[in-house]
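Atoms considered below: every heavy atom in the structure, side chains included; atoms not considered: hydrogens, waters and symmetry mates. Whatever order the structure lists them in is the order used to number ligands and atoms, beginning at 1.
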Amino acid sequence: MQQFTTSGATGYNLIADWPGGDPNDVLMLGGHLDSVSAGPGINDNGSGSAGLLEVALTVARQSFAPRKHIRFGWWGAEELGLVGSTYYVNNLPTAERSRIEAYLNFDMIGSPNAGYFVYSASGQPTGSLQLQQTLQAAFSVPTELTSVGGRSDHAAFARAGIPIGGTFTGAEVTKTAAQAQKWGGTSGVAFDRCYHRSCDTASNIDATALDRDSDAIAYALWTLADSGGTPPGPRFENLTDVTIPDLSTVESPITVSGVSGNAPSALAVGVDITHTYRGDLVIDLVAPDGTAFRVKTSSNDSADNLVTTYAVNASGEVANGTWKLRVQDVASNDVGRINGWSLQF
Ligand code: DPN
Ligand code: ZN
């Protein structure tokens with residue numbers, strides 16, 4: 001955490017380095033955490049902050065090990081004039097600055113009347129065609145280029161000579177009829193009619209746009225960091241506690257939607273169960289059509305708790321529908337609870 005002072009107040013940047021990778025080849029991604037004082041700033045810029053956080057969590061879950069070093073930045077006081085990001089860049093030693101090979105910015109990525117914009121390389125002092133084209137390729141919907149000028153935190157990096165890129169779903173500008181035709185939404189209305197207003201609340205988010213742009217962050221990261229792979233597919237979770245009484249069977253559902261075709265041959269089933277004798281537990285993953293895949297049998301393993309991931313060959317099952325984790329306690333005395341579980345496609 002980096003502190004700075006602006007007009008007599010203290011502000012904060014949060015910098016998160018993912019260990020590993022070449023320290024001389026840093027790929028940095030960021031967005032601002034603050035909002036204007038007029039409103040809560042959920043699209044501007046809770047959306048970019050949350051998208052970046054979700055990608056960072058995915059990096060950790062996957063033990064991502066690309067050739068390059070990865071750094072995330074969440075900036076303070078963007079709305080006061082790019083204060084946090086400028087402070088960060090200005091206080092980087094020259095050698096450190098030259099190690100950052102690119103900076104990608106995400107500011108407003110869940111606009112309620114969304115457009116799909118990629119920062120144009122040509123509107124920037126250090127615009128990069130490679131970054132622009134990678135972000136364009138990250139979308140399965142049509143994109144347009146936009147000249148964001150110096151309106152967000154990438155500007156501090158551009159001024160320091162660092163190549164920049166980013167995505168944006170639109171602010172105060174009105175959506176045209178042609179744009180409404182290709183992207184849906186309402187023509188003649190701003191991409192975000194609550195931009196810098198008190199109505200920029202949690203209902204001021206198009207979840208589809210936030211999802212597409214967050215996927216684009218992951219795609220760009222996996223591609224530009226030289227990972228040699230592609231980002232993992234969608235992940236679903238159920239974090240509702242389910243108690244496991246003695247000698248009983250309980251189930252916890254996860255409804256999967258928006259995944260085409262069948263489940264993968266290594267569907268990752270993450271399980272987090274508290275129990276005082278885990279050998280008592282028999283666990284099945286139940287597919288939407290009722291097919292049960294046994295992932296764990298009972299045993300005399302007397303250890304507590306079960307926090308692990310199972311790989312299930314579910315390639316014969318349609319992905320969409322309601323999956324269940326079925327947990328049986330088959331011996332008396334010890335009990336527990338499902339804390340949560342997940343499906344990573
Ligand atoms: N900088 C944004 C704001 O915080 O008001 C608006 C914006 C974001 C404009 C991204 C252009 C591109
Ligand atoms: Zn913003």
Side-chain angles (χ1 to χ4, degrees), residues 6-7 11-14 28-53 72-89 103-128 131-132 135-136 138-139 143-159 162-176 179 183 190-202 204-206 209-210 212-214 216-217 220:
T6 179
S7 27
Y12 302 90
N13 291 326
L14 179 66
M28 189 162 186
L29 304 90
H32 73 92
L33 275 175
D34 64 305
S35 65
V36 290
S37 50
I42 301 303
N43 186 36
D44 183 10
N45 182 36
S47 62
S49 295
L52 284 163
L53 177 57
F72 294 92
W74 283 272
W75 313 117
E78 186 266 358
E79 302 287 6
L80 301 178
L82 319 179
V83 177
S85 54
T86 303
Y87 182 87
Y88 173 79
V89 171
Y103 172 75
L104 298 178
N105 194 61
F106 301 95
D107 185 1
M108 306 183 70
I109 61 167
S111 305
N113 189 29
Y116 295 92
F117 297 103
V118 171
Y119 293 9
S120 168
S122 57
Q124 294 292 327
T126 58
S128 151
L131 299 178
Q132 177 201 302
L135 287 165
Q136 287 173 302
F139 287 89
T143 58
E144 282 184 20
L145 294 177
T146 183
S147 294
V148 290
R151 282 188 66 184
S152 189
D153 297 296
H154 58 278
F157 290 82
R159 236 178 274 121
I162 297 166
I164 65 94
T167 69
F168 178 47
T169 53
E172 74 285 358
V173 170
T174 300
K175 184 179 267 188
T176 66
Q179 288 169 330
W183 290 327
F191 294 106
D192 182 356
R193 69 203 310 178
C194 290
Y195 174 60
H196 285 185
R197 293 175 59 199
S198 59
C199 56
D200 187 9
T201 62
N204 193 43
I205 291 286
D206 176 341
L210 180 56
R212 285 176 177 156
D213 270 64
S214 300
I217 300 174

> Do F157 and W75 have their ring centres less than 6.0 Å from each other?
Replying inline: yes
> When the ring centroid of F191 is compared with that of F117, is the distance short of 6.0 Å?
Replying inline: yes
>> Given W74, which partner from the list D34, D153, N13, L52 fulfils the side-chain contact (heavy atoms from CB on, under 4.5 Å) test?
In response: L52
Quick check for you: to the nearest 0.5 Å, what is the distance between [X] atom [atom1] and [Y] atom [atom2]?
{"X": "D107", "Y": "E78", "atom1": "CG", "atom2": "CD", "answer": "5.0 Å"}
{"X": "N45", "Y": "L33", "atom1": "CG", "atom2": "CG", "answer": "8.0 Å"}
{"X": "H154", "Y": "Y119", "atom1": "NE2", "atom2": "OH", "answer": "5.5 Å"}

>> Tell me the closest heavy-atom pair linking Q124 and G149, and the distance in Å.
In response: NE2-O, 2.9 Å
List the closest protein heavy-atom neighbour of [atom]: residue, atom name, distance to the nearest 0.1 Å.
{"atom": "atom 7 (C) of ligand 1", "value": "F168 CE1, 4.0 Å"}
{"atom": "atom 5 (O) of ligand 1", "value": "Y195 OH, 2.6 Å"}
{"atom": "atom 1 (N) of ligand 1", "value": "R151 O, 2.5 Å"}

> From D107, does some N, O or S atom reach closer than 2.8 Å to the Zn ion (ligand 2)?
Replying inline: yes
> Between the Zn ion (ligand 2) and E78, is there an N, O or S atom separated by less than 2.8 Å?
Replying inline: no
>> For atom 3 (C) of ligand 1, tell me which residue out of D44, T167, I109 has the closest non-hydrogen atom.
In response: D44
> Which N/O/S atom belongs to D44 and is the closest one to the Zn ion (ligand 2)?
Replying inline: OD1
> Between M108 and ligand 1, which residue portion shows a heavy-atom distance shorter than 4.0 Å: side chain, backbone, both, or neither?
Replying inline: side chain
> Quick one: does ligand 1 sit under 4.0 Å from the side chain of D107, the backbone, both or neither, non-hydrogen atoms only?
Replying inline: both
> With a cut-off of 4.0 Å, which atoms of ligand 1 are near a heavy atom of E78?
Replying inline: 1 (N), 2 (C), 3 (C), 4 (O)
> For ligand 1, which atoms sit closer than 4.0 Å to a heavy atom of V148?
Replying inline: 11 (C), 12 (C)
> Out of D213, D44, N43, D192, which one pairs with S111 under the side-chain hydrogen bond (donor to acceptor under 3.5 Å, both in side chains) rule?
Replying inline: N43
